[in-house]
K.L.:
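The following block contains the structure, expressed as structure tokens.
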There are 2 protein chains.
Amino acid sequence: MKFSTRSRYGTRAMLDLALHDNSSPVRLKDLARRQGVSVKYLEQIIPALKNAGFIRSIRGINGGYTLAKGAGEIRLLDIVEALEGSLSPVDCVDMPKWCPRSGECATHEVWRDVRKAIDDVLGGTTLADLAERQRALSEPR
Amino acid sequence: MKFSTRSRYGTRAMLDLALHDNSSPVRLKDLARRQGVSVKYLEQIIPALKNAGFIRSIRGINGGYTLAKGAGEIRLLDIVEALEGSLSPVDCVDMPKWCPRSGECATHEVWRDVRKAIDDVLGGTTLADLAERQRALSEPR
DNA sequence: AATAATTCCTAGTAATTATATAGGATTATT
DNA sequence: AATAATCCTATATAATTACTAGGAATTATT
């Protein structure tokens, strides 16, 4: 019941892009250095974010990545699901038929509740919210 | 981000024991048949529940398992953690030092919120609640 | 005392997933 | 033409998952 490093690194990458939004494209090299992840591994994670339509890439020299939408339109739920797959703690939540008991199983209902609770947290937080939290954390006091 | 079969089967096993509480000890054979799991696999899951103090075993012929406490005193959170380990979606939630960034990382806060949401659902549901839900589901209407 | 039915314990194993690394192809600026 | 970036595909390794197997220990019944 852990998120994979893909989700952790990928979410941090999205946050990094959000914080550098209104500047020139962010090079993978810089992103990797700031986040403490290898370029090669990030390179493998990024396509999922691109396919999901969250980021745009610019190739060639002076290339890099930028957000493809406003940070306020991207929910953390979407990011993590793009990287991790469904966040249902058991398969019967997404596919009731997957388990023949699901219709008459009380645990099924609880797993559904768990899923909803995760949805509410991650679905209620946008990348803009996350960036704001980050700025608050980094702010000198 | 899935529960293991240990958690799914183990929780169902606990529910089964709760539903057969005030009768003679439940044999693993019967439990396994009703839940559609092999005896051998359940045999491997059960010790975690016993070590956690949730069930009691009676050895020898006519042996089996019973709950060791009232169903109302056992939270699903405790059961799943006994079977699954910590439900924190990332290690930095339990061990902030595990990631050097945790003190200044906004994602850390969100992962903490996710953990809390799961805690609230699973910590707010006892085995007695689950059994009641199950009875309601099985009830003829 | 023997038998049978149960839990208990330890080890093994095949498949999958996680976490990367490697090498080179493609693209665009200068 | 050179350079610096993204893109694509393959490979490696370690850990985890989901079991299975075999037999030892225990206890009620006969």
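Labels below follow one simple rule: chain letters A, B, ... track the order of the sequence lines, proteins then strands, and each chain is numbered from 1. Side-chain atoms are counted along with the backbone in the values below, which use heavy atoms only and exclude waters and symmetry mates.
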K.L.:
Between B:Ile46 (CD1) and C:dT6 (P), how many Å, whole number?
P.N.:
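Taking atom P of C:dT6 as the reference, CD1 of B:Ile46 is at 15 Å.
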K.L.:
Strictly under 3.5 Å: I want the nitrogen or oxygen pairs between protein and nucleotides 1-5 of chain D, one per line.
P.N.:
from: D:dA5; atom 1: OP1; to: A:Arg27; atom 2: NH1; distance (Å): 2.3
from: D:dA5; atom 1: OP2; to: A:Lys29; atom 2: NZ; distance (Å): 2.9

K.L.:
Quick one: B:Asp30 CG to C:dT7 C1', roughly how many Å, whole number?
P.N.:
14 Å
K.L.:
If you look at every heavy atom in A:Leu83 and A:Gly10, which pair is closest and at what distance?
P.N.:
CD1-CA, 3.7 Å
K.L.:
According to a hydrophobic-cluster definition based on side-chain heavy atoms being under 4.5 Å apart (Ile, Leu, Val, Met, Phe, Trp, Tyr only), do B:Ile58 and B:Met14 belong together?
P.N.:
no
K.L.:
If the cut-off is 4.0 Å, is A:Lys2 near the phosphate of C:dA18, judged by side-chain N/O to OP1 or OP2?
P.N.:
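No, outside the criterion.
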K.L.:
Out of A:Leu130, A:Thr126, A:Ile79, which residue meets the side-chain contact (heavy atoms from CB on, under 4.5 Å) rule with A:Ile74?
P.N.:
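Between A:Ile74 and the candidates, side-chain contact (heavy atoms from CB on, under 4.5 Å) is satisfied uniquely by A:Ile79.
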K.L.:
Taking A:Val26 as the starting point, is it possible to reach A:Val39 by hopping between hydrophobic residues whose side chains are less than 4.5 Å apart?
P.N.:
yes
K.L.:
What residues, two or more places apart in sequence or in another chain, satisfy ring-ring contact (aromatic ring centres under 6.0 Å, His included) together with B:Tyr65?
P.N.:
none
K.L.:
Looking at D:dT6, C:dT19, C:dC8, which one has an atom nearest to any side-chain atom of A:Tyr41?
P.N.:
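Looking only at side-chain atoms, A:Tyr41 lies closest to C:dT19.
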K.L.:
Take atom CD1 of B:Ile55 and atom C1' of C:dT7, then tell me their distance rounded to the nearest Å.
P.N.:
11 Å
K.L.:
How close or far is atom P of D:dT13 from atom CD of A:Gln44, stated in whole angstroms?
P.N.:
16 Å
K.L.:
If I take atom CE in residue A:Met1 and atom P in nucleotide D:dT17, what distance separates them, rounded to the nearest angstrom?
P.N.:
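Rounded to the whole Å, the gap is 13 Å.
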K.L.:
Check the side chains of B:Arg133 and A:Thr107 for a donor-acceptor pair under 3.5 angstrom, ignoring hydrogens and angles.
P.N.:
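No - no donor-acceptor pair under 3.5 Å links their side chains.
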K.L.:
Please report, rounded to the nearest Å, how far the P atom of D:dC19 is from the CG atom of B:Leu42.
P.N.:
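It works out to 11 Å between those atoms.
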K.L.:
Would you jot down, in residue-number order, the residues of residues 15-22 of chain B having a non-hydrogen atom under 4.0 Å from DNA chain D?
P.N.:
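Per residue number, the list is empty: none.
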K.L.:
D:dT6 C1' sits how many Å from A:Asn51 CG, rounded?
P.N.:
14 Å
K.L.:
Counting only side-chain N and O atoms of B:Thr5, is one of them less than 4.0 Å from OP1 or OP2 of D:dA18?
P.N.:
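Affirmative; the distance criterion is met.
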K.L.:
How close or far is atom P of C:dC9 from atom NZ of B:Lys40, stated in whole angstroms?
P.N.:
13 Å
K.L.:
What nucleic acid atoms does B:Phe3 come within less than 4.0 Å of, heavy atoms only: base, sugar-phosphate, or nothing?
P.N.:
nothing
K.L.:
Does a side chain donor of either B:Lys50 or B:Ser57 reach within less than 3.5 Å of an acceptor in the other side chain?
P.N.:
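Short answer, yes.
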K.L.:
Any side-chain heavy atom of B:Arg12 sitting closer than 4.5 Å to one from B:Arg8?
P.N.:
yes
K.L.:
Closer than 4.0 Å, any side-chain N/O of A:Ser57 to the OP1 or OP2 of D:dC7?
P.N.:
yes
K.L.:
Could you say whether B:Arg6 or A:Glu43 is positioned toward the 5' end of DNA chain D, judged by the nucleotide with the nearest heavy atom to each?
P.N.:
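Going by which nucleotide is closer to the 5' end, it is A:Glu43.
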K.L.:
If every non-hydrogen atom of A:Arg101 is compared with every non-hydrogen atom of B:Gly36, which pair is closest and at what distance?
P.N.:
NH2-N, 3.3 Å
K.L.:
Reckon B:Tyr9 has a side-chain N or O less than 4.0 Å from the OP1 or OP2 of D:dC19?
P.N.:
yes
K.L.:
With distance as the sole criterion, is a donor-acceptor pair present between the side chains of A:Ser4 and A:Glu84 under 3.5 Å?
P.N.:
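Note: A:Ser4 and A:Glu84 side chains meet the donor-acceptor criterion.
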